[in-house]
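Predicted model, so just to flag it, every value in this text is computed and none were measured. In this chain, numbering begins with 1 at the start of the sequence shown.
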Amino acid sequence: MNLTHIKAVAFDLDGTLVDSIADLAASANAMRAELGLAPLAAERIQSHVGDGVASLVHRALTDSRDGQADTALWERGFTFFIQHYYRHLTVHTKMYPGVAEGLNLLHGFGLPLVVVTNKSERLALPLLAQLGIDSAFSLILGGDSLPEKKPSPLPLRHVAEVLGITPQQIVMVGDSENDVLCARAAGALPVAVSYGYRDAANLHADLVIDSLVELFALLKKSAELPQNLRV
C-alpha cells in the first residue's frame with residue numbers, strides 16, 4: 001500500500017494503544033457492588049466498551065449493549081464510576097507490545113501523532129501521562145473535547161484543521177467500528193489493529209496491522225519509493 005500522502009497518524013486509545021479492560025472492569029464492578037448488583041465478567045465489560053463512559057455505565061448497569069438504566073440509578077453509578085476509575089487508571093492498564101517502540105519510531109519519522117478517543121478527556125489525559133507517553137502526541141482529543149465524537153468525522157476534521165493538513169492525509173488507527181466509520185466519513189485512511197477488543201476481520205478497514213512498528217515500516221517503505229512510483 002502506497003502511503004506517501006500520509007502526513008499524520010491518529011490513534012484510538014483503549015484497545016489500540018492500551019489494554020485497559022482490567023481497570024475498567026474493576027471500576028464497573030465496584031460501581032455495581034456499590035449499587036447492590038452482582039459483578040460481571042471482564043469479557044462482558046469489554047463488549048460494552050467503545051462509546052465513552054456515559055454509555056459504558058448504562059451498559060454495565062443493564063448488562064446490555066443497548067441498555068438504558070433508570071436516570072437516578074445512572075447518575076449514582078456514573079458519579080461513583082468516574083471517581084473510582086480516576087483513582088485506578090493504570091493499576092493493571094498497560095501499553096500493548098510494540099506501542100512504545102512504534103510511537104518512538106513514528107515520532108522520529110517526523111509525523112505528528114494524535115489521540116482521538118471516545119474516553120473522556122479528563123480520564124484520557126492522566127492515563128497517558130501515568131504511562132509516560134502523553135508527550136508523544138501533538139493533540140489529544142477525548143469524547144467530550146468536541147460537540148461530536150466518533151463515529152462522527154468531526155474529530156478527524158478538527159485534527160486536520162489544527163495540523164494544517166487535509167483529512168485524506170491522516171491515518172486513523174483503531175480497533176472498533178467507530179474508528180473505521182469516523183475515518184471513512186472524514187476521508188481518512190482506516191487502519192485496524194489485529195489485537196484489539198473487536199475482531200479486525202469484521203471491521204472492513206483498508207489495512208490490518210499487528211503492531212505500530214509494522215505501520216512505521218509501511219510508512220517508511222512508501223517514503224523510499226522512487227518518485228515515479230508515488231501516486
Asks: With a sphere of 6.0 Å drawn around CD of Q168, does it hold more than 12 non-hydrogen atoms of other residues, nucleotides or ligands?
Replies: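 Enclosed.
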Asks: What are the two closest heavy atoms between K119 and Y85, and how far apart are they?
Replies: NZ-OH, 2.9 Å
Asks: Before accepting this row, confirm whether a basic side-chain N of the pair K220/E224 lies closer than 4.0 Å to the acidic partner's carboxylate O.
Replies: yes
Asks: When hydrophobic residues are tied together by side-chain contacts of less than 4.5 Å, even through go-betweens, does M172 share a cluster with V180?
Replies: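 Looking at the clustering, V180 is in a separate group from M172.
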Asks: Between K149 and L154, is a side chain to side chain contact (heavy atoms under 4.5 Å, CB included) present by the stated rule, with each step listed?
Replies: CA-CA 7 Å; K149 60 187 178 183; L154 180 62; over 6 Å; no
Asks: How about R32 and L40: do any of their side-chain heavy atoms sit closer than 4.5 Å?
Replies: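 When only atoms from C-beta onward are counted, L40 and R32 do touch, with a gap below 4.5 Å.
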Asks: Which pair of heavy atoms, one from G67 and one from T62, lies closest together, and at what distance?
Replies: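 It is CA-OG1, 3.3 Å.
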Asks: Is there a path from L215 to I133 through hydrophobic residues (I, L, V, M, F, W, Y) whose side chains come within less than 4.5 Å of each other?
Replies: yes
Asks: Within the side chain of R59, is there an N or O that forms a donor-acceptor pair under 3.5 Å with the backbone of H48?
Replies: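 Side chain of R59 to backbone of H48, a donor-acceptor pair under 3.5 Å: yes, one is there.
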Asks: For A28 and A60, which heavy atoms make the closest approach, and how far apart are they?
Replies: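 In this case the closest contact between A28 and A60 is CB-CB, 4.1 Å.
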Asks: Considering residues at least two apart in sequence or located in another chain, which fulfil the ring-ring contact (aromatic ring centres under 6.0 Å, His included) criterion with H158?
Replies: none
Asks: Test side chain to side chain contact (heavy atoms under 4.5 Å, CB included) on L3 and L189 and set out the steps.
Replies: CA-CA 9 Å; L3 303 175; L189 178 71; 3.5 Å; yes
Asks: Knowing that exactly one of R87, H84, Q83 qualifies, which makes a side chain to side chain contact (heavy atoms under 4.5 Å, CB included) with S27?
Replies: H84
Asks: Count I, L, V, M, F, W, Y as connected when their side-chain heavy atoms are under 4.5 Å apart, and connections chain through other members. Are L156 and L113 then in the same cluster?
Replies: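 No, L156 and L113 fall in different hydrophobic clusters.
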Asks: Is a donor on one side and an acceptor on the other found under 3.5 Å between the side chain of Q130 and the backbone of L127?
Replies: no
Asks: Quick one: list whatever passes ring-ring contact (aromatic ring centres under 6.0 Å, His included) with F78, sequence neighbours left out.
Replies: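 W74.
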Asks: Show me the donor-acceptor pairs, under 3.5 Å and distance only, between side chains in residues 202-210 and residues at least two apart or in other chains.
Replies:
unit_1	atom_1	unit_2	atom_2	d
N202	ND2	D199	OD2	3.3
D206	OD1	R184	NH1	3.0
D206	OD1	R184	NH2	2.7
D210	OD1	S194	OG	2.7

Asks: Please identify which of these residues, T16, I140, L141, meets the side chain to side chain contact (heavy atoms under 4.5 Å, CB included) condition with V115.
Replies: I140
Asks: For F81 and V53: C-alpha separation, side-chain torsions, deciding distance, then whether side chain to side chain contact (heavy atoms under 4.5 Å, CB included) applies.
Replies: CA-CA 9 Å; F81 181 93; V53 172; 3.7 Å; yes
Asks: Which pair of non-hydrogen atoms, one from P39 and one from N29, has the smallest distance, and what is that distance?
Replies: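 Scanning both residues completely, I find the closest heavy atoms to be CA-OD1, 3.2 Å.
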Asks: Between atom NE2 of H58 and atom CD of Q68, what is the distance when rounded to the nearest 0.5 Å?
Replies: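 The CD atom of Q68 is 4.5 Å from NE2 of H58, to the nearest 0.5 Å.
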Asks: Taking ring-ring contact (aromatic ring centres under 6.0 Å, His included) as the definition, give me every residue that meets it alongside F109, ordered by chain and number, with sequence neighbours left out.
Replies: F216
Asks: E75 versus T71: any side-chain heavy-atom pair under 4.5 Å?
Replies: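 Yes; the side chains approach each other to less than 4.5 Å.
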Asks: Rounded to the nearest 0.5 Å, what's the gap from OG1 on T117 to CG on L13? Could you check?
Replies: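 Here the interatomic distance stands at 4.5 Å.
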Asks: What residue among D179, N178, D51 forms side-chain hydrogen bond (donor to acceptor under 3.5 Å, both in side chains) with K150?
Replies: D179
Asks: List in chain and number order the residues that pass salt bridge (charged side-chain N to carboxylate O under 4.0 Å, His left out) with R44, two or more places apart in sequence or in another chain; answer none if no residue qualifies.
Replies: D63
Asks: Would you mind telling me which of L61, I82, L37, L56 makes a side chain to side chain contact (heavy atoms under 4.5 Å, CB included) with M31?
Replies: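 Passing option: L61.
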Asks: Would you say the side-chain atoms of R198 pair up with the backbone N or O of E177, donor to acceptor, closer than 3.5 Å?
Replies: no
Asks: Keeping the roles fixed (side chain from D14, backbone from S20), state whether a donor-acceptor pair exists under 3.5 Å.
Replies: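 Checked: no pair found.
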Asks: Report the distance from atom CD1 of I21 to atom OG1 of T93, rounding to the nearest 0.5 Å.
Replies: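 Between atom CD1 of I21 and atom OG1 of T93 there are 8.5 Å.
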Asks: How far apart are the closest heavy atoms of P153 and A186, and which atoms are they?
Replies: CB-N, 3.6 Å
Asks: Looking at side-chain heavy atoms only, is the closest gap between R76 and L35 below 4.5 Å?
Replies: yes
Asks: Taking atom OG of S176 and atom CG of N118, what is their separation to the nearest 0.5 Å?
Replies: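 Reported value, rounded in 0.5 Å steps: 7.5 Å.
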Asks: In Å, rounded to the nearest 0.5 Å, how long is the span from CG of L123 to CG of D23?
Replies: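 L123 CG to D23 CG: 11.5 Å, rounded to 0.5 Å.
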Asks: Which residues satisfy the side-chain contact (heavy atoms from CB on, under 4.5 Å) test with A136, sequence neighbours excluded?
Replies: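 By the side-chain contact (heavy atoms from CB on, under 4.5 Å) rule, A136 matches no residue at all.
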Asks: Please name the residue in the list V193, V191, V116, V173 that meets the side chain to side chain contact (heavy atoms under 4.5 Å, CB included) test with F11.
Replies: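 With F11 as partner, side chain to side chain contact (heavy atoms under 4.5 Å, CB included) holds for just one option, V173.
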Asks: Is L103 linked to Y96 within one hydrophobic cluster, defined over Ile, Leu, Val, Met, Phe, Trp and Tyr using a side-chain heavy-atom separation of less than 4.5 Å?
Replies: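 Linked within one cluster.
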Asks: Can you tell me how far CG of L89 sits from CG of L131, rounded to the nearest 0.5 angstrom?
Replies: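 Rounded to the nearest 0.5 Å, the CG-CG separation comes out at 9.0 Å.
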Asks: Between L219 and L106, does the side chain to side chain contact (heavy atoms under 4.5 Å, CB included) criterion hold? Intermediate values first, please.
Replies: CA-CA 9 Å; L219 287 163; L106 290 165; 3.5 Å; yes
Asks: Please report the shortest heavy-atom distance between S145 and G142, naming the atom on each side.
Replies: OG-N, 2.7 Å
Asks: Give the cluster check for L125 versus V99: same hydrophobic cluster or not, with ILVMFWY residues linked at side-chain heavy-atom distances below 4.5 Å.
Replies: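 Linked within one cluster.
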Asks: Which residue is it: D12, D19, D175? I am looking for the one with a side-chain hydrogen bond (donor to acceptor under 3.5 Å, both in side chains) to Y197.
Replies: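 Only match with Y197 under side-chain hydrogen bond (donor to acceptor under 3.5 Å, both in side chains): D19.
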